[in-house]
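Working notes, beginning with the structure itself.
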Amino acid sequence: MDYQMEFAALLEKELHEHSQQDISKMIEKPRYDQQGDLAFPCFTLAKIYRKSPAAIAEGLAGRIQSSHFVKAEAVNGYINVFINKTEAAANVIAAILREGGEYGKSDIAKGSVITIDLSSPNIAKPFSMGHLRSTVIGNSLSLIAEKCGYRTVKINHIGDWGTQFGKLIVAYKKWGEEEKVRANPIKELLNLYVRFHKEAEIHPELNDEGREWFKKLENGEEEALELWHWFKEESLKEFAKVYELLGISFNSNHGEAFYNDKMEQVADELKEKGLLQESEGAQIVPLGEDMPPCLIKKKDGTTLYATRDLAAAIYRQKTYGFTKSLYVVGAEQTVHFKQLFAVLEKMGYPWHKGMTHVPFGMMLKGNKKMSTRKGKVVLLEEVIKEAIMLAEENITEKNPDLANKKEVARQVGTGAVIFHDLKNYRMNDIEFSLTDMLRFEGETGPYVQYTHARASSLLKKGNFTHTPEPFVNGEDANWPLIKSLAAFPEVITHAFEKNDPSQVAKYVLELAKKFNKYYAEVRILADDPCKQSRLTLVATVKTVLEEGLRLLGIAAPEEM
RNA sequence: GUCCCAGUAGCUCAGCUGGAUAGAGCAACAGCCUUCUAAGCUGUGGGUCGCAGGUUCGAAUCCUGCCUGGGACGCCA
């Protein structure tokens, strides 16, 4: 039952100048409960009918009659209607019981493919807090897309190619020691990387050496390749630990290097299509006034990441036939993606229209960007481990007999870290704060998980069983919950359209808050005729909380 | 210099396809566990919605200018 459309249909009978669709768009959800469930503002009608909004509202309110609404009243130029709670409750509850975890799914995609470029850490650099953002946002978006009927392909486009490796090789050859790197690869490689940039400030010629070594790498010289391969292996091992802790996996791990043998074709194709020009010794595609030109090859003939991204996009289209393709990459790379999409358009690929850069703000420290080159990074793995430890302490204190303590601690600890990242709009910069990240109270992941665990516990204690004809009345205590439960499907589509997981995070918080309020006010397990009805409501809340958390990439333990 | 993003309570943020009384969490203070997990609930205080114009019956929300912070602007990714 779509109450908004029903309300619009009733209004349309009275307002012939407006279509049902238009009216539906004008209908709002009032902020305060006393204002009813749906509201129609009459201000814009005042001019047409030459009557005051209040008078119009008065006139219309009396004509709103339907079994779906119990009341319609005119207030301050609005018509406020009150939904038939018993009917609405029955519909929502039945839908959730019937669909379970499928509740809220849609099929707007009709099984078409969406590729999502996410995480994409750089080899030989530690997995920093900054990469966490891309990883968890991308992962959640892929889960949301799946819920909307897409076949998703998560691609970890690992940064395993580029001039930086030339630099790293130079640093290793000058100052590196094999045993040290073997013992503690990431840390030692980072030290070398940091040292390189420090020394390059005084001796800029080091940068030239770095470029030379990258050229050797691109030419496939053995020494360069061997070192590169080694650095890569060590880094991948390190990343795997983080992904395991987070519970995130990928459908493709093709990094930049994978496209090495595909870039020449791109350059050729650009040339054939007459897009390539030489400028200051480099090969470029000019993109007009609005954008800087896209660099395809440097004057020494080596490639740039734009070249690799072009090759990757073409490869992905060929391999997956995507209709949509998301790049979950920091906002500072906005121009790069504009260029990338513009070049694809010039190449005549219509599918460039399905490509979207999903930017996000930075992790700041002391209002400054955390710079890898200066060694100012916080290691994600350490933060996650800390969160897990803290979660375990909490369990030991509050629920010492919990069976699978370790696993629940992992779920809650990572839940805190992931939720902390996803609860706010992704474009906001985040000031890194360990205390905020490890908070388990208030608007946090553990708060939602805790609420879910409470619901689970009630169902167990109350011996809840699915009844074929669930009855949950829409009494006032239930109503806020019913309304929230009904909103879940539209929250998901909205989150997908905006590429915004925080919509789901905020929703799940709101539902948890309402449930905790209900929990405090109503004795759910009281032995009276309505007990099963209350438990049914609890069951649906549990289902939706669990599903909401799942869409964020967060587990919902039964107990904690 | 040009372009992009942000500026709402002490702090972190919601609200921004314009609407009726601007909301949470944290922090502070005061309550609530002999009854369903207190990782919870209830209450109190706290706001020139960066500033100035404009559009509108109506602006935190849209437009313009300015201020502040951050970012990006051809051989890094």
Side-chain angles (χ1 to χ4, degrees), chain A residues 25-26 28 30-32 34-35 39 41 43-44 46-47 52-53 75-78 80 120 122 125 159 161-164 167 207 210-211 214 256 279-284 286 290-300 302 304-306 308-309 329-336 338-339 359 361-362 364 367-369 372-373 391 394-395 397-399 412 416 420 423-425 427-431 433 435-436 439-451 453-458 460-462 502 506 509-510 512-513 516-526 538 559-560:
Chain A
K25 273 184 206 151
M26 291 164 73
E28 329 177 345
R31 204 171 0 211
Y32 302 94
Q34 82 239 21
Q35 293 165 333
F43 307 99
T44 50
K47 266 184 218 155
S52 76
V75 185
N76 298 336
Y78 287 88
N80 294 335
S120 311
N122 293 321
K125 285 195 209 170
W161 207 246
T163 312
Q164 51 181 328
K167 294 178 180 178
N207 287 318
R211 278 189 277 269
F214 177 55
E256 296 187 50
S279 167
E280 296 169 36
Q283 301 289 316
I284 65 160
D290 306 336
M291 273 178 265
C294 184
L295 272 276
I296 302 297
K297 275 189 180 179
K298 293 185 271 194
K299 61 185 164 203
D300 66 2
T302 57
L304 289 111
Y305 83 136
R308 289 186 282 283
D309 270 355
V329 180
E332 65 272 20
Q333 292 192 36
T334 302
V335 176
H336 163 70
K338 267 179 140 172
Q339 292 176 303
M362 287 185 296
L364 304 174
N367 231 353
K368 285 268 159 59
K369 188 176 178 173
T372 314
R373 284 184 299 202
N394 272 299
I395 293 167
E397 184 192 322
K398 296 168 197 218
N399 195 356
V412 173
H420 174 261
K423 77 172 166 181
N424 293 135
Y425 181 53
M427 282 303 285
N428 297 345
D429 288 342
I430 299 180
E431 173 67 27
S433 156
T435 37
D436 278 356
R439 186 159 275 145
F440 292 175
E441 289 161 20
E443 297 176 326
T444 65
Y447 170 83
V448 181
Q449 291 173 313
Y450 175 74
T451 310
R454 270 185 152 178
S456 305
S457 167
L458 287 170
K460 258 173 248 155
K461 290 208 164 133
S502 79
K506 280 163 201 152
L509 265 182
E510 179 196 282
K513 263 185 219 177
N516 280 318
K517 194 179 168 68
Y518 178 79
Y519 182 97
E521 283 171 4
V522 178
R523 173 99 194 133
I524 294 159
L525 293 181
V538 172
E559 252 185 276
M560 64 185 266

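Throughout, a chain's letter reflects where its sequence line sits, starting with A, and its residues are numbered from 1.
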### Message
Show the nearest heavy-atom pair for residues A:G462 and A:L525, with the distance to one decimal.
### Response
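Closest heavy-atom pair between A:G462 and A:L525: CA-CD2, 3.7 Å.
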### Query
Closest heavy-atom contact between A:N399 and A:E559?
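Minimum heavy-atom contact is ND2-OE2, 3.8 Å.
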Heavy atoms from C-beta onward define the side chain here; which of [options] lies closest to that of [X]?
{"X": "A:Q35", "options": "B:A20, B:C41, B:C75", "value": "B:A20"}
{"X": "A:Y305", "options": "B:A77, B:G70, B:A39", "value": "B:A77"}
{"X": "A:R454", "options": "B:G71, B:A38, B:U42", "value": "B:A38"}
{"X": "A:R308", "options": "B:C5, B:A77, B:G40", "value": "B:A77"}
{"X": "A:R439", "options": "B:C26, B:C76, B:A22", "value": "B:C26"}
{"X": "A:E332", "options": "B:C36, B:A72, B:G74", "value": "B:A72"}
{"X": "A:Q164", "options": "B:A77, B:C41, B:A14", "value": "B:A77"}
{"X": "A:P292", "options": "B:C36, B:C73, B:C75", "value": "B:C73"}
{"X": "A:N424", "options": "B:C26, B:G40, B:A14", "value": "B:A14"}
{"X": "A:E443", "options": "B:G25, B:A20, B:C76", "value": "B:G25"}

Remember a base hit wins even if backbone is also touched, and classify [X] as base, sugar-phosphate or nothing at under 4.0 Å, heavy atoms.
{"X": "A:T44", "value": "base"}
{"X": "A:S279", "value": "base"}
{"X": "A:D290", "value": "nothing"}
{"X": "A:A331", "value": "nothing"}
{"X": "A:M291", "value": "nothing"}
{"X": "A:G159", "value": "nothing"}
{"X": "A:L304", "value": "sugar-phosphate"}
{"X": "A:F440", "value": "base"}
{"X": "A:T334", "value": "nothing"}
{"X": "A:I296", "value": "nothing"}
{"X": "A:E510", "value": "nothing"}
{"X": "A:Q449", "value": "nothing"}
{"X": "A:K398", "value": "base"}
{"X": "A:A39", "value": "base"}

#### Entry: Donor on one side chain, acceptor on other, A:S502 and A:N424, under 3.5 Å
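On atom types as modelled, these side chains do not qualify, holding no pair under 3.5 Å.
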[N] [atom2] sits how many Å from [X] [atom1], rounded?
{"X": "A:E441", "N": "B:A38", "atom1": "CD", "atom2": "C1'", "result": "9 Å"}
{"X": "A:E28", "N": "B:G18", "atom1": "CD", "atom2": "P", "result": "9 Å"}
{"X": "A:M26", "N": "B:A20", "atom1": "CE", "atom2": "P", "result": "15 Å"}
{"X": "A:D436", "N": "B:G25", "atom1": "CG", "atom2": "C1'", "result": "10 Å"}
{"X": "A:K460", "N": "B:C36", "atom1": "NZ", "atom2": "P", "result": "16 Å"}
{"X": "A:L509", "N": "B:A39", "atom1": "CG", "atom2": "C1'", "result": "13 Å"}
{"X": "A:Q339", "N": "B:A77", "atom1": "CD", "atom2": "P", "result": "13 Å"}
{"X": "A:Q34", "N": "B:A20", "atom1": "CD", "atom2": "P", "result": "13 Å"}

#### Entry: Polar pair under 3.5 Å, donor/acceptor by atom type, side chain A:N80, base B:A20
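It does, because a donor-acceptor pair links the side chain of A:N80 to the base of B:A20 below 3.5 Å.
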OP1 or OP2 of [N] sitting under 4.0 Å from any side-chain N/O of [X]?
{"X": "A:R31", "N": "B:A22", "answer": "no"}
{"X": "A:N516", "N": "B:U42", "answer": "no"}
{"X": "A:T163", "N": "B:C76", "answer": "yes"}
{"X": "A:K506", "N": "B:A24", "answer": "no"}
{"X": "A:K47", "N": "B:C57", "answer": "yes"}

### Message
According to side chain to side chain contact (heavy atoms under 4.5 Å, CB included), who are the partners of A:M291, at least two apart in sequence or on a separate chain?
### Response
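In terms of side chain to side chain contact (heavy atoms under 4.5 Å, CB included), with neighbours along the sequence ignored, A:M291 is linked to A:L287, A:K338, A:Q339, A:A342.
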### Contacts of A:T302 that satisfy side chain to side chain contact (heavy atoms under 4.5 Å, CB included) - sequence neighbours left out
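With sequence neighbours excluded, A:T302 shows a side chain to side chain contact (heavy atoms under 4.5 Å, CB included) to A:F214, A:K215, A:E218, A:K298, A:D300, given in chain and number order.
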### Query
Has A:Y32 got its ring stacked on the base of B:U21, with centres under 5.5 Å and planes less than 30° apart?
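Answer is yes, a stack.
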#### Entry: A:E443/A:K506 salt bridge by N-O under 4.0 Å criterion
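Looking at A:E443 together with A:K506, the answer is no, because their closest N to O distance does not fall below 4.0 Å.
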Using the [atom1] atom as the point on both nucleotides, what is the distance between [M] and [N], in whole Å?
{"N": "B:U21", "M": "B:C3", "atom1": "P", "answer": "38 Å"}
{"N": "B:A59", "M": "B:G71", "atom1": "C1'", "answer": "29 Å"}
{"N": "B:G47", "M": "B:G7", "atom1": "C1'", "answer": "15 Å"}
{"N": "B:U68", "M": "B:C51", "atom1": "C1'", "answer": "11 Å"}

### Query
Roughly how far apart are A:D309 CG and A:E256 CD, rounded to 0.5 Å?
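Answer rounded to 0.5 Å: 6.5 Å.
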### Message
Exactly one of A:T451, A:V412, A:N394 should register a side chain to side chain contact (heavy atoms under 4.5 Å, CB included) with A:P446. Which one does?
### Response
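When A:T451, A:V412, A:N394 are each tested with A:P446, the side chain to side chain contact (heavy atoms under 4.5 Å, CB included) holds only for A:V412.
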### Query
A:Y518 or A:Q333: which one's nearest nucleotide on RNA chain B is closer to the 5' end?
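By nearest-heavy-atom nucleotide position, the 5'-most residue is A:Y518.
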### Query
Taking for each residue the nucleotide of RNA chain B bearing the nearest heavy atom, is the 5' side occupied by A:Y425 or by A:P293?
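Mapping each residue to its closest nucleotide by heavy atoms, the 5'-most match is A:Y425.
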### Query
Are the side chain of A:D429 and the backbone of A:G361 linked by a donor-acceptor contact shorter than 3.5 Å?
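It does not hold such a pair.
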Listed by chain and number, what are the ring-ring contact (aromatic ring centres under 6.0 Å, His included) partners of [X], not counting sequence neighbours?
{"X": "A:H420", "answer": "none"}
{"X": "A:Y519", "answer": "none"}
{"X": "A:Y447", "answer": "none"}

### Query
Under the rule syn = chi within 90° of 0, otherwise anti, which is B:C33?
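It is syn.
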### Query
Using Watson-Crick and G-U wobble pairs with both distances under 3.5 Å, what is the 5'-to-3' dot-bracket string of RNA chain B, with [ ] for crossing pairs and | for pairs outside the strand?
(((((((..((((.....[...)))).(((((.......))))).....(((((..]....))))))))))))....
